[in-house]
Structures are given as structure tokens and as C-alpha cells.
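Values below: all heavy atoms of this structure, side chains included; hydrogens, waters and symmetry mates excluded. FYI, the numbering just counts along the sequence from 1.
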Amino acid sequence: MEATAQDVDAAVRAAHDARGALADRAVRAAFLRTAADRLEAARDGLVETADAESALGPARLTGELARTCYQLRAFADIVEEGAFLDVVIDHPDDTATPPIPDLRRYKVPLGVVAVYSASNFPFAFSVAGGDTASAFGAGCPVVVKAHPDHPALSEQVAEVLRGAAAEHGIPAGVLGLVHGFRAGVELIGHPLVAAAGFTGSVRGGRALFDAAAARPVPIPFHGELGSLNPVLVTEAAAAERAEAIGAGLAGSMTLGVGQFCVKPGLVLAPAGEAGDRLVKSLTDAVGSTGDGVLLDHRMRDNFLAGVAERAALPEVESPLAPGAGDEHTVSAGFLTVPAGRLTGEGAHDLLLEECFGPVTVVARYTGESEATAVLSRLPGNLTATVHLSSEEAAGEGRGPELLAELTPLAGRVLVNGWPTGVAVAPAQHHGGPYPATTSTSTSVGGTAIERWMRPVAYQNAPEALLPPELRDDNPLGLPRRYDGRLER
């Protein structure tokens, strides 16, 4: 199934030729809804294939497919509403300094989008996932580089989407699918590819990001690469509900066998009696979690090696050692370390890097300054979480200060919750400072559509020449800003 350079070229050119079929917003909204309907109709077969290739289990995969269908329909609603076009119209004003000519601005699709599928979400971040759905919503055709962990599912989902496209007169080439490492490299360099979306490792994502920037014509590369997702537990919060926090942490870090991009990988917990109770609760809860299967043997090997390397560092302890189960599974666990070992000369920098799988690091801090010192060394993240006491959550003490301290670290800041479970909602932001992502955009939620568009302004263009979106009479009924006023 390895695609050749000729295969990639053919897929990209077919997608490029299909652009016009997505020009009508009504057509592409209907296409997105039909795609969701057809995926639901094919659910049983798709879930069976996905489970055979990923071992994620029918319950998890059925829920993920439902999320995928919801995303498709959500973008259909966004396309119909039209606010994403950001229509702005300013009529001439000779009294302004300098004078304002007739200006009309909106957003247009970029062109062919390359999508690189994720291993851990064979539906929601793959062929029919959020990158593809948002690109279609923007009016961009897509070529997907399938993930090697689910090739058969990728082919099946692609056929479902092409069937939905045919129902609305859209050419099958609107969705291309290629397999293989070389195909991914060829895809990012193809001159007709206008943007790319990626979910995966820091190493792979950074290589593609650099390739996108090194092209004769650089293109936007929206990559989600890696995230530690730190959690800070205040002393007051631990004193108030150590057991509940420990149990909640266990559920979050082991969910999906620790294979979610927002798994909490570093927890700052206080030293002392309250922190001890938290660690005991975490030990009991994680200890009752059964062994699980990682997505492939390469990930299993990397997990075991990563845990062993971290556990061998000075002053790192393993109250519940993560490791191998049988020849296919792994057991969940966690490591502890004095927080002082994460700062200063000889700091354990490895503990500040993501380890994919069911493990977290609990750093025991003594005093607020020690916790702050660790936070100051963290790279960018998708999420950052703080657990506060009831008084702190009410605005007393350092609650507001801690929230401000975490905000520069992540794209989503949580209070008294857990980061796993990324709601698909208009206000969602799934991104963050590098290396969490390579851009300031989100890959989840309605504003993900903005990644695949660019603004264009027309100056002094006669009404008869303007696209209907920019005409004074607003024939499409779009939300817009008209001479400084927001109209709906």
C-alpha cells in the first residue's frame, strides 16, 4: 500500500481539481452532514476494523466515532451560519485621515490541505477527523496521509466520505488518501499543497514543520506535537480533599491506557501529610487498574524504555512501578521525585518531557517558591491544571495569582478538574505554546476552520464584480460588520 511519488502527485492534483465543487456553502454543508450520516450507518463494520487495528475496544471507538460525526455536523452548522467568513464592509469616508476608500474584506479557502492522521484517535483525528472536517468546511479539498497503525480503517472511512461526496456531485478526488513514510514527505513538499495539519510526535512533527518552512513557497503547518500537561495541587487543596484528587488523577492518567495527548504527565503535590494522603490514594486507585494494550509494539517499547530511564535517575522513586504486563500489555504506575530535582544544576530535564503511556511523575514541593520554580522551567503545553481549596477557588489567597501563572504555559487552563476529555464546543481551544503546537490555532472547536483560510480585501470594486458575500444588499444573509456596526 506504500504510495509512490506519482501516487501522491495524482492525489494532490485530483484534490486541486475538485476545489470548485466545494465553492457553494450549501453544498459543502450538506456534504458534511451526509458524511456523518453515512459513517453512522457503517458504524459496526468501522468499529470492528478499528478495534482489530488499535485494540482500543468497541466502547471507546463507538464513542469516538460519535464524536467524529458530531464534529462533521458542527462544521456544517458553522458553514451555513457564515460568520467564519469574517465579512467586513467599509464605505468611503473622505473625512477620515487618511481618507478611507471603499473596502470589503472576507476570507477565502487556501487550497489543498494535507492532513497527517494520529495514531491514538483512528476516527476523531484521522481521515474523517477534525482537520478534515474543518478543511472541508473552509472549502478546501484534503489529502490524508494515513497512519500506519490503522491502514484498513483509513481506506474504509475514505470510501464512506467519497460516497457522501458523490451524493452531492462532488468528485471523489476531493479526498485523497496515501500511505507510507515517503508519501508523507512527498505530500508536504508538493507545490499544490497549501497548508497542513498534523497530530503526532515532536520529532515527526518538527521534521514536517521544517520541511513546510523550507519549501520554495512556505506553507502554514498546524502541528500538535507533544504536551506534559502539568497539574499543580495547592497545599490547601490537598489538605481539603487529598483522596479525591488522588483518585481523580489516577482516572485521568490511565484513561485510554495513558494514550491521550492531554494526559497529566507532571503533578506538583505538596510534601507533608496531605501530600502523602494524595500519593496513597493515587497508589490505591492506579493499583486497581488492569493492564492495557498500547497502540503498537513500537510505542510499547518506547514506553518501557522511557519509564526505565526516568526511574533510574537519582532520588526518583516508584511507589507503583509502571512496566510490562504480558508480551502485549503494560501496567500503569507513577514515579515520585523531590521538586528540587527539577530545577537548578543537574536538574532531571527528562522528567519535564512527555512519556506516552500510563505513567505520571509526582513532584513533591516544599513551599510555594519551589513549585513556582518548576513551573518556570516548563515548555508549552496543551493544558495546565490547578487544584484549589474551596476558599482559594472563591478568590481568596493565591487562586488568581496561580491562574495567571499557568496561563502562559498552555492553551487551556483548568481549575479543579482533569484535562482528559476535550469537549467539541465553539469556545474550545486545543493548542498551546510550542512544542504543544506549532501555531496559535486550535484543532478542536469551531475556530479550527480559521486555519485553512486567508483574508482578502477588495478596494473600490464595482458592486457588479464583487462576490455575493460582499455586496451591500447581503443576498446570502451573512453576519457582517457594516460601516463599523455588527449586523446579524
Validation row: [X], [Y] side chains within 4.5 angstrom (heavy atoms):
X: Val361; Y: Thr336; result: no
X: Lys145; Y: Ser117; result: no
X: Leu177; Y: Val143; result: no
X: Val316; Y: Arg310; result: no
X: Gln259; Y: Phe356; result: yes
X: Leu161; Y: Val127; result: yes
X: Asp291; Y: His328; result: no
X: Tyr116; Y: His147; result: no

Give a yes or no answer on whether the side chain of [X] reaches the backbone of [Y] with a donor-acceptor pair at less than 3.5 Å.
X: Ser54; Y: Leu56; result: yes
X: Glu392; Y: Ser389; result: yes
X: Glu53; Y: Ala152; result: yes
X: Thr62; Y: Ala59; result: no
X: Glu64; Y: Phe123; result: yes
X: Thr438; Y: Phe221; result: yes
X: Thr385; Y: Val231; result: no
X: Ser331; Y: Gly325; result: no
X: Glu353; Y: Leu350; result: no
X: Arg215; Y: His190; result: yes

Between Leu313 and Leu351, is the side chain to side chain contact (heavy atoms under 4.5 Å, CB included) condition met? List the steps.
CA-CA 9 Å; Leu313 293 170; Leu351 298 181; 4.0 Å; yes

Just checking, is any N or O donor in the side chain of [X] or [Y] under 3.5 Å from an acceptor N or O on the other one?
X: Asp284; Y: Ser281; result: no
X: His179; Y: Glu155; result: yes
X: Glu354; Y: Ser227; result: no
X: Ser252; Y: Thr420; result: yes
X: Arg412; Y: Asn229; result: no
X: Ser390; Y: Glu240; result: yes

What distance do [X] atom [atom1] and [Y] atom [atom2] have between them, rounded to the nearest 0.5 Å?
X: Ser441; Y: Ile449; atom1: OG; atom2: CD1; value: 12.5 Å
X: Thr132; Y: Gln71; atom1: OG1; atom2: CD; value: 10.0 Å
X: Leu335; Y: Thr360; atom1: CG; atom2: OG1; value: 8.5 Å
X: Cys140; Y: Arg451; atom1: SG; atom2: CZ; value: 10.5 Å
X: Leu403; Y: Arg398; atom1: CG; atom2: CZ; value: 12.0 Å
X: Leu46; Y: Asp51; atom1: CG; atom2: CG; value: 12.5 Å

Please check if the number of heavy atoms outside [X] that lie under 6.0 Å from its [atom1] is greater than 12.
X: Glu40; atom1: CD; value: yes
X: Arg43; atom1: CZ; value: no
X: Glu2; atom1: CD; value: yes

Determine whether the aromatic ring centres of residues Phe209 and Phe198 are separated by less than 6.0 angstrom.
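When the ring centroids of Phe198 and Phe209 are compared, they turn out to be at least 6.0 Å apart.
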
Mind checking whether Phe136 and Phe31 have ring centres under 6.0 Å apart?
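Distance test on ring centres: under 6.0 Å, yes.
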
Measure across [X] and [Y] and return the closest heavy-atom pair with its distance rounded to 0.1 Å.
X: Pro433; Y: Leu409; result: CD-O, 3.8 Å
X: Val374; Y: Ala339; result: CG2-O, 3.7 Å
X: Tyr434; Y: Val202; result: OH-CG1, 4.4 Å
X: Ala410; Y: Thr383; result: CB-C, 3.4 Å
X: Val444; Y: Ala423; result: CG1-O, 3.8 Å
X: Leu110; Y: Ala195; result: CD1-CB, 3.8 Å

Pair Val330-Arg300, side chain to side chain contact (heavy atoms under 4.5 Å, CB included): steps then yes or no
CA-CA 7 Å; Val330 297; Arg300 181 178 184 273; 3.8 Å; yes

Please report the C-alpha distance between Asp37 and Thr34 in whole Å, then the side-chain angles of each, then the deciding distance to 0.1 Å, and finally whether the side-chain hydrogen bond (donor to acceptor under 3.5 Å, both in side chains) criterion is met.
CA-CA 5 Å; Asp37 293 343; Thr34 300; 5.2 Å; no

Are Leu375 and Leu378 close enough, and set up right, to give a side chain to side chain contact (heavy atoms under 4.5 Å, CB included), and what steps lead you there?
CA-CA 5 Å; Leu375 291 175; Leu378 297 185; 3.9 Å; yes

In terms of side-chain geometry, is the basic nitrogen of [X] or [Y] positioned less than 4.0 Å from the acidic oxygen of its partner?
X: Asp86; Y: Arg481; value: no
X: Arg33; Y: Glu80; value: yes
X: Asp349; Y: Arg341; value: no
X: Asp276; Y: Lys280; value: no

Aromatic plane relationship, Trp418 with His387 - under 30° parallel, 30 to 60° tilted, over 60° perpendicular
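Plane angle between 30° and 60°, so tilted.
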
Evaluation steps, side-chain hydrogen bond (donor to acceptor under 3.5 Å, both in side chains), between Ser439 and His222:
CA-CA 6 Å; Ser439 71; His222 301 286; 2.9 Å; yes

Within 45 degrees of the axis of the six-membered ring of Phe121 and under 6.0 Å from its centre: does Arg60 put its NZ or CZ there?
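Yes, cation above the ring, under 6.0 Å and within 45°.
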
Take Val112 and Val142 through the test side chain to side chain contact (heavy atoms under 4.5 Å, CB included) and record every step on the way to the result.
CA-CA 6 Å; Val112 179; Val142 172; over 6 Å; no

